[in-house]
Number of protein chains: 2
Amino acid sequence: MAVDCIIFGFDQEELKILLIKRDFDPERGRWSLMGGFLQNQETLDEAAIRVLTKLTGIRNIYMEQLPAFSKYDRDPVERTISVPYYALINIMEHSEELIEEYSAKWFSLRNFPQLIFDHNAMVEKAIKRLRSRASTMPIGFELLPEKFTMRQLRKLYEAIWDENLDKRNFTNKVNAMDILVKLEEKEMETSKKGSYLFTFDKNKYDIKINEGFQFKL
Amino acid sequence: MAVDCIIFGFDQEELKILLIKRDFDPERGRWSLMGGFLQNQETLDEAAIRVLTKLTGIRNIYMEQLPAFSKYDRDPVERTISVPYYALINIMEHSEELIEEYSAKWFSLRNFPQLIFDHNAMVEKAIKRLRSRASTMPIGFELLPEKFTMRQLRKLYEAIWDENLDKRNFTNKVNAMDILVKLEEKEMETSKKGSYLFTFDKNKYDIKINEGFQFKL
DNA sequence: AAAGTTTGGTGTGACAACTACACTTAAAAA
DNA sequence: TTTTTAAGTGTAGTTGTCACACCAAACTTT
């Protein structure tokens with residue numbers, strides 16, 4: 001039993017995945033998802049957390065289990081059933097050292113290499129799941145820094161769904177949900193005028209959920 | 001590695017699950033889900049199909065995998081990771097003989113016994129998944145006979161979501177999707193006037209899906 | 001044969017949500 | 001001072017959703 005992690009990040013207005021270059025057999029030298037075998041007394045979730053932290057150095061990563069891949073010859077060495085997890089991280093927080101240690105690299109989702117075994121299929125499934133989850137759960141914020149602009153948020157959703165979104169409608173929808181806090185602070189990098197920063201108010205969100213609110217984008 | 005099946009049926013305007021009374025150890029005599037161990041060269045899906053057919057006698061059962069249960073001591077005998085599958089069957093088609101062979105019984109979802117291990121949690125997860133799937137995919141028909149009345153369809157969704165639905169709005173919504181065929185035939189059991197029978201037009205549905213249609217109830 | 005009972009079948013108006021769409025503002029750069 | 005760039009904002013038209021009530025058909029009862 002193994003777990004494999006599809007690690008998503010968001011940078012340069014693009015979705016990225018973190019892949020490792022294998023320096024071990026089989027398939028040494030090829031690109032693959034970061035994975036690991038299930039250990040004694042460990043749940044699958046725990047194994048995934050272990051693998052994720054090992055590669056990124058981050059704790060408390062958002063992740064979700066996907067359906068298992070179980071074809072008996074999917075791994076040529078020995079029968080391995082792999083449970084994929086997709087994970088969302090703030091790409092700025094990962095540890096450069098660890099990434100180097102594992103010869104890992106961020107790839108744009110639009111253009112990444114062929115992976116070993118059935119890992120490409122796992123990535124496909126992960127994207128699909130991410131797309132549908134992002135519509136109904138506030139998981140997008142996991143991919144952004146603590147403070148973010150409306151533009152970043154919109155570009156993120158455009159990247160996830162691979163479609164353009166109307167600026168005003170998007171802002172209106174997000175504001176209508178009333179789960180963000182608009183800060184005094186402005187971000188001055190991407191424009192001369194500067195744009196206000198927001199944070200996700202998890203507390204307020206939880207309260208609203210209890211009152212029957214439903215996230216929807 | 002094992003699979004466990006949450007088998008749903010619909011009868012008497014109620015959702016039911018099919019449970020077996022174990023005549024083997026451990027937990028002999030208690031109620032549980034029907035399950036089985038993964039065999040050589042078999043995928044998890046194939047294992048689930050095998051288990052489902054063994055108990056119901058039906059082939060081509062709709063089923064979907066749920067996240068694995070992997071606590072290391074969930075099974076007291078030996079470490080077993082179990083992948084639950086929920087399945088939807090037309091309750092009229094199951095084989096009475098097989099059910100007897102396995103001392104299986106249909107229970108109302110509103111009132112079924114404590115199950116072994118973590119099986120109750122599996123049922124919980126299955127219900128949740130069924131509820132959300134039923135909103136966006138035409139899987140309800142799997143629980144009904146080939147020909148069904150509007151009332152049956154509505155009562156089914158009322159049972160799945162555990163809420164009352166307005167008769168006219170439901171009919172309007174379903175008709176607006178235009179994926180059912182209204183037959184000449186009437187069903188005369190439940191009313192004096194008789195009510196028209198419908199079938200799900202899978203073909204038409206597939207065509208509409210390709211054109212961008214999205215099932216929604 | 002008339003009245004009663006039961007379930008089937010149908011339409012509309014009010015309200016909410018969604019979509020398309022364009023100009024002004026702030027600040028830095030030229 | 002002008003130009004450039006992205007930020008920020010509102011509305012009208014349309015579509016979808018929801019609440020809601022009566023007549024029809026056929027059998028049962030008296």
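Chain identifiers are assigned alphabetically (A, B, ...) following the order of the sequence lines, protein sequences preceding nucleic acid strands; residue numbering begins at 1 within each chain. Bear in mind that the values here come from a model prediction, so they are computed numbers and not experimental data.
- Between A:Met150 atom CE and D:dG8 atom C1' there is a gap of 11 Å when expressed in whole angstrom units.
- Between B:Arg50 and B:Glu46 no salt bridge is recorded (no basic side-chain N to carboxylate O distance below 4.0 Å).
- Protein atom CZ of B:Arg154 is 12 Å distant from nucleotide atom P of C:dT7, rounded to whole Å.
- For B:Asn175 and C:dG8, the CG to P distance is 15 Å, given to the nearest whole Å.
- Nearest-nucleotide positions on DNA chain C for A:Met188 and A:Lys173 put A:Lys173 closer to the 5' end.
- Applying the 4.0 Å criterion to OP1 and OP2 of C:dT25, one finds that A:Lys192 has every side-chain N and O outside that range.
- Between the C1' atom of D:dT9 and the CG atom of A:Asn169 lies a distance of 12 Å, rounded to the nearest Å.
- Nearer the 5' end of DNA chain C, as judged by each residue's closest nucleotide, is the contact made by B:Lys167, out of B:Lys167 and A:Lys186.
- Computed from coordinates, the B:Gln214 CD to C:dC18 P distance equals 15 Å when rounded to whole Å.
- Taking the six-membered ring for Trp, A:Phe112 and A:Trp31 have ring centres at least 6.0 Å apart.
- Between A:Arg151 and D:dA7 there is a side-chain polar atom (N or O) within less than 4.0 angstrom of OP1 or OP2.
- Following rounding to the nearest Å, A:Lys193 (NZ) and D:dA6 (P) show an atom-to-atom distance of 13 Å.
- Across all strands shown, A:Thr149 has no heavy atoms under 4.0 Å from either base or sugar-phosphate atoms.
- For B:Arg151 and B:Glu13, the salt-bridge test passes: some basic side-chain N is under 4.0 Å from an acidic carboxylate O.
- A salt bridge is defined here as a Lys NZ or Arg NE, NH1 or NH2 lying under 4.0 Å from an Asp or Glu carboxylate O, and A:Glu211 with A:Lys208 fails to meet this definition.
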